[in-house]
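Heavy-atom basis, side chains included; hydrogens, waters and symmetry copies ignored. If you're wondering where the values come from, they're calculated on a predicted model, not measured in any experiment.
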Amino acid sequence: MATDRAATRLVLRLAGAGLTAAMAVIHLYLWGEGYRDLTTIGPLFLVNGVIGLLLAVALLGTPVRGLTPLASVAALFTAGTLGALVLSLTTGLFGFEESVHAELVRPTLYVETAGTAVLIALAVTALGHRAPRPALPSPPARTPGRTPGRNLK
């Protein structure tokens, strides 16, 4: 049973890191393809790409006991990025309106939606993990006829 949980956690960790990295690479690619020239959106695409790559690496290297908070932060970051894309598609964001037909918009919607779901699942599955407790030292051996703590002469 514990092995099944560990395997599930590993699959979710790898998928979460992969989807987070994919989101980051998409943003860095688009930044390099011209989004860098947009006043506010351009720097945000660069920041998103860098933070996304850092989160992806951290998801791979963090011990299990630290995975719940990290996966939660990554899920919030990814959901925020997805929300920003939806806003730019509907009402506009910082004066920029995106089209659903623009390059990589649909794949980005899929990656960020899946990433949010996978990272939430990872945070939940890692929540129940407890680090193994160190073994308690054995109590001292008792001498028959003596009461511990009393010095009888």
Side-chain angles (χ1 to χ4, degrees), residues 1-140:
M1 176 112 165
T3 306
D4 291 343
R5 275 191 235 146
T8 300
R9 202 169 35 244
L10 177 62
V11 168
L12 290 171
R13 182 192 289 247
L14 293 173
L19 289 164
T20 303
M23 176 187 71
V25 168
I26 289 170
H27 280 82
L28 291 173
Y29 172 80
L30 291 172
W31 179 81
E33 289 296 308
Y35 279 57
R36 69 172 160 243
D37 298 327
L38 299 172
T39 305
T40 304
I41 299 294
L44 291 175
F45 265 61
L46 179 60
V47 168
N48 186 290
V50 170
I51 291 174
L53 288 176
L54 291 173
L55 284 170
V57 169
L59 284 165
L60 294 174
T62 298
V64 176
R65 67 182 174 275
L67 205 49
T68 293
L70 177 61
S72 299
V73 166
L76 288 170
F77 182 75
T78 305
T81 302
L82 177 60
L85 176 56
V86 170
L87 276 175
S88 73
L89 286 168
T90 55
T91 63
L93 183 64
F94 301 118
F96 179 75
E97 290 186 30
E98 187 66 85
S99 165
V100 75
H101 303 292
E103 183 180 16
L104 295 176
V105 167
R106 289 182 185 185
T108 303
L109 286 168
Y110 304 143
V111 165
E112 291 173 359
T113 301
T116 300
V118 166
L119 290 165
I120 289 169
L122 176 59
V124 170
T125 58
L127 188 61
H129 178 78
R130 290 185 178 166
R133 291 183 177 183
L136 295 174
S138 301

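Here the side chain of Thr113 pairs no donor or acceptor atom with the backbone of Tyr110 at under 3.5 angstrom. Side chain of Thr20 to main chain of Ala56: no donor-acceptor pair is present (N/O by atom type, distance under 3.5 Å, no hydrogens or angles). Using a distance-only test at 3.5 Å, with no hydrogens or angles considered, a donor-acceptor pair links the side chain of Thr68 to the main chain of Ala123.
What you find for Leu67 and Arg13 is that their closest heavy atoms are CD2-NH2, 3.3 Å. Minimum interatomic distance between Thr116 and Ala79 (heavy atoms only, all atoms of both residues): OG1-N, 3.4 Å. Taking both residues in full, the closest heavy atoms of Ala75 and Ile120 are given as CB-CG1, 3.9 Å, listed atom of the first, atom of the second, then distance. Scanning all heavy atoms of the two residues, the minimum distance from Leu59 to Ala71 falls at CD2-CA, 4.2 Å. Looking at every heavy atom in both residues, Thr78 comes nearest to Glu112 through CG2-O, 3.4 Å. Looking at every heavy atom in both residues, Glu97 comes nearest to Thr91 through OE2-O, 4.3 Å.
In this structure the side chain of Leu93 never reaches within 4.5 angstrom of the side chain of Glu98, judged on heavy atoms. The side-chain heavy atoms of Leu119 and Val73, taken from C-beta on, include no pair separated by under 4.5 Å. Inter-residue side-chain proximity for Val100 and Arg106 is flagged as met; some heavy-atom pair is nearer than 4.5 Å. Considering only heavy atoms from C-beta on, Leu28 comes within 4.5 Å of Leu53 through its side chain.
To the nearest 0.5 Å, the span separating CD1 on Ile26 from CD on Glu33 amounts to 13.0 Å. Taking CZ from Arg65 and CG from Leu70, the interatomic distance works out to 13.0 Å, rounded to the nearest 0.5 Å. Within the model, atoms CG of Leu10 and CG of Leu60 stand 9.5 Å from one another, a figure rounded to the nearest 0.5 Å.
For Leu76, there are no side chain to side chain contact (heavy atoms under 4.5 Å, CB included) partners at least two apart in sequence or on another chain.
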Stepwise side chain to side chain contact (heavy atoms under 4.5 Å, CB included) check, Leu109 with Leu89: CA-CA 11 Å; Leu109 286 168; Leu89 286 168; 4.2 Å; yes
Side chains of residues 37-52: which donor-acceptor partners sit under 3.5 Å, not counting sequence neighbours?
unit_1, atom_1, unit_2, atom_2, d
Asn48, OD1, His27, ND1, 3.4
Asn48, ND2, Thr81, OG1, 2.8

